[in-house]
Every structure is written in structure tokens, then in C-alpha cells.
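Working notes for the structure below.
Since the model is a prediction, treat every value here as computed from it, not as a measurement.
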Amino acid sequence: MASWGDLADYVRAEYDVIHDEDEELRILFTFGDEDEDDDERTQVVIIVREVLDKMHEWVQIASPCGLAKDVNLREVLEEVGKSTVACGLAIMGEHVVVRHSLPLSHLDIHEFTDPLQLLAGTADTLEEQFWGGDGY
């Protein structure tokens with residue numbers, strides 16, 4: 001991968017894209033056995049092109065867990081500190097999100113797909129543990 005266009009084309013071909021706009025894609029990441037609908041959980045993941053210092057292309061991956069007002073942020077941050085290898089937690093708008101960023105220059109596809117899976121799984125686990133549902 002060398003550019004946002006290359007990455008966006010890959011995402012469109014490999015994932016369930018639910019929103020596609022200029023420099024932002026939203027996918028629905030599905031967990032569980034696709035043949036068993038009752039065990040299936042999903043997670044919305046937002047993939048955005050960012051430009052640092054007007055010259056360095058990055059991709060930001062983020063996934064909402066729930067509303068910040070509905071959770072003890074200290075408890076969520078402590079859990080992320082104990083259980084998460086990659087990704088950080090942030091508040092974007094009203095939502096707590098799990099977020100990770102990668103430089104696009106010379107990006108290997110596994111440097112994108114592995115963190116994407118980890119991030120989606122982390123967001124889904126936190127959402128279930130702290131917000132008690134599967135709203136995102």
C-alpha cells in the first residue's frame with residue numbers, strides 16, 4: 001500500500017462498507033459464525049485518511065464503544081491498560097472510541113489488517129463489558 005486510494009480500494013473489496021465518502025470509510029466488522037445469526041456481533045469501524053504536517057499520509061482506524069456520559073471512564077481506561085496491546089482510547093464527540101493510526105507510506109497489508117481486527121475486537125469487548133450491549 002502506498003496511498004489512501006490503494007488502501008480504500010482494498011477495504012472496499014474485502015470488507016462490508018456501510019459508508020463511503022472521500023477520505024472516510026465505515027465498515028461493519030462481523031464476529032462469530034456467519035451461519036449462526038444469534039451469536040453474531042458486529043462493530044462499526046471508521047477508517048479515515050489523515051495528513052500530518054501537510055505532507056505525511058496516515059490512516060486512522062477508530063471504533064465507538066459507547067457514550068462517554070454513560071460509563072466510569074477511569075474503569076474503562078484501567079481495563080485498556082491491563083488488556084490492550086495496541087490502540088488507545090479517546091473521546092470523539094460524545095463517544096468513547098478505540099483508536100489506532102498508521103503511516104500509509106510503505107504500509108504492508110498485515111500492518112493494517114492485524115491492528116484493524118485487534119481494534120474491532122477490543123471495541124466490541126469494551127462495549128459489551130462496560131455498556132452492556134452491541135449498539136455499534
Side-chain angles (χ1 to χ4, degrees):
M1 300 281 146
S3 72
W4 168 253
D6 295 336
L7 180 61
D9 288 344
Y10 174 82
V11 169
R12 289 180 190 109
E14 297 295 323
Y15 296 96
D16 180 10
V17 177
I18 57 174
H19 178 82
D20 187 341
E21 181 179 310
D22 293 330
E23 297 179 345
E24 178 182 306
L25 298 168
R26 292 179 188 224
I27 63 171
L28 191 61
F29 197 94
T30 303
F31 302 93
D33 189 349
E34 292 180 18
D35 296 333
E36 298 179 26
D37 291 335
D38 54 352
D39 292 333
E40 191 173 278
R41 289 184 61 88
T42 59
Q43 192 65 33
V44 173
V45 179
I46 304 155
I47 303 163
V48 179
R49 176 182 177 260
E50 300 284 347
V51 179
L52 183 63
D53 295 332
K54 298 182 182 180
M55 52 197 282
H56 302 287
E57 256 188 322
W58 284 67
V59 60
Q60 181 184 104
I61 310 166
S63 185
C65 302
L67 295 173
K69 69 177 182 64
D70 294 338
V71 72
N72 181 322
L73 291 173
R74 180 178 184 87
E75 288 179 9
V76 178
L77 289 169
E78 286 174 347
E79 179 62 28
V80 169
K82 291 188 304 190
S83 63
T84 303
V85 174
C87 309
L89 210 60
I91 295 175
M92 297 177 79
E94 299 295 318
H95 292 88
V96 173
V97 300
V98 179
R99 185 170 79 172
H100 187 68
S101 297
L102 302 157
L104 277 169
S105 175
H106 308 293
L107 181 70
D108 177 85
I109 195 59
H110 297 293
E111 293 171 329
F112 171 75
T113 58
D114 292 347
L116 174 68
Q117 291 173 8
L118 178 62
L119 181 137
T122 300
D124 185 63
T125 299
L126 292 172
E127 179 182 3
E128 184 175 27
Q129 182 177 351
F130 289 98
W131 285 269
D134 190 20
Y136 302 94

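Taking all atoms of both residues into account, the shortest heavy-atom contact from Trp4 to Glu24 is CZ2-N, 4.0 Å. Across all their heavy atoms, Thr113 and Tyr15 have their closest contact at CG2-OH, 3.6 Å. Here the closest heavy-atom approach between residue Ile91 and residue Ala68 is recorded as CD1-CB, 4.0 Å.
How far CG of Asp6 is from CD1 of Ile109: 9.5 Å, rounded to the nearest 0.5 Å. Distance check: Gln43 CD to Leu126 CG gives 9.0 Å after rounding to the nearest 0.5 Å.
Applying the ring-ring contact (aromatic ring centres under 6.0 Å, His included) rule to pairs touching residues 59-88 yields nothing, sequence neighbours excluded.
By the rule that hydrophobic residues join a cluster once side-chain heavy atoms approach within less than 4.5 Å of another member, Val59 and Leu119 end up as members of one cluster. A single hydrophobic cluster is not seen to contain both Met92 and Leu89; linkage of ILVMFWY side chains at heavy-atom distances under 4.5 Å, directly or through other members, places them apart. The hydrophobic cluster containing Ile47 also contains Val17, counting ILVMFWY residues as joined when their side-chain heavy atoms lie under 4.5 angstrom apart, directly or transitively.
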Donor-acceptor pairs are to be reported for all side-chain atoms of residues 129-136 against protein atoms at under 3.5 Å, with residues two or more places apart or in another chain.
{"from": "Trp131", "atom 1": "NE1", "to": "Leu67", "atom 2": "O", "distance (Å)": "3.0"}
{"from": "Asp134", "atom 1": "OD2", "to": "Thr42", "atom 2": "N", "distance (Å)": "3.3"}
{"from": "Tyr136", "atom 1": "OH", "to": "His95", "atom 2": "NE2", "distance (Å)": "3.0"}

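Salt-bridge annotation for Lys82 and Glu78: absent, with no side-chain N of the basic residue lying under 4.0 Å from a carboxylate O of the acidic one.
No donor-acceptor distance shorter than 3.5 angstrom exists from the side chain of Asp53 to the backbone of Met55, with no hydrogens or angles considered. The backbone N or O of Asp108 sits less than 3.5 Å from a side-chain atom of Glu111, completing a donor-acceptor pair.
Around CD of Gln60, the count of heavy atoms belonging to other residues, nucleotides or ligands within 6.0 Å exceeds 12.
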